[in-house]
Asker: 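Quick one: structure below, then a few questions.
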Amino acid sequence: MATNEYQVTGMTCGHCEMSVREEVSQIPGVAEIQVSAQTGRLVVSSTEELDDAAVLAAVDEAGYSAVRA
Ligand SMILES: [Cu+2]
């Protein structure tokens, strides 16, 4: 189990959290997602090695930008 943390900018509400969650959940192996619009924190747990680029691309797809924390 790998857990990676990211800092997301641009989220303002629960709807934003849902958009990010929906995109990130499509990455193979992702088991758990914690996301907070308030802090911008995104924590992704995965059953296999998690590719940062895939997570950053998923957040981008949702309309926000992220960096590895
Ligand atoms: Cu929002």
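Atoms within a ligand are numbered from 1 in the order they appear, just like the ligands themselves.
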Asker: Using modelled atom types and a 3.5 Å cut-off, is there a donor and acceptor pairing between side-chain atoms of Ser36 and backbone atoms of Arg41?
Answerer: no
Asker: For a side-chain contact (heavy atoms from CB on, under 4.5 Å) with Val55, tell me which candidate from Ile27, Asp60, Val30 qualifies.
Answerer: Ile27
Asker: Which protein N, O or S atoms sit under 2.8 Å from the Cu ion (ligand 1)?
Answerer: Cys13 SG, Cys16 SG
Asker: With no hydrogens and no angle check, is any side-chain donor or acceptor of Glu32 less than 3.5 Å from a backbone partner on Val43?
Answerer: no
Asker: With no hydrogens and no angle check, is any side-chain donor or acceptor of Ser46 less than 3.5 Å from a backbone partner on Glu49?
Answerer: no
Asker: Under 3.5 Å, is there a donor-acceptor pair between the side chain of Glu23 and the main chain of Val59?
Answerer: no
Asker: Does a side-chain N-to-carboxylate-O contact under 4.0 Å join Arg68 and Glu5?
Answerer: no
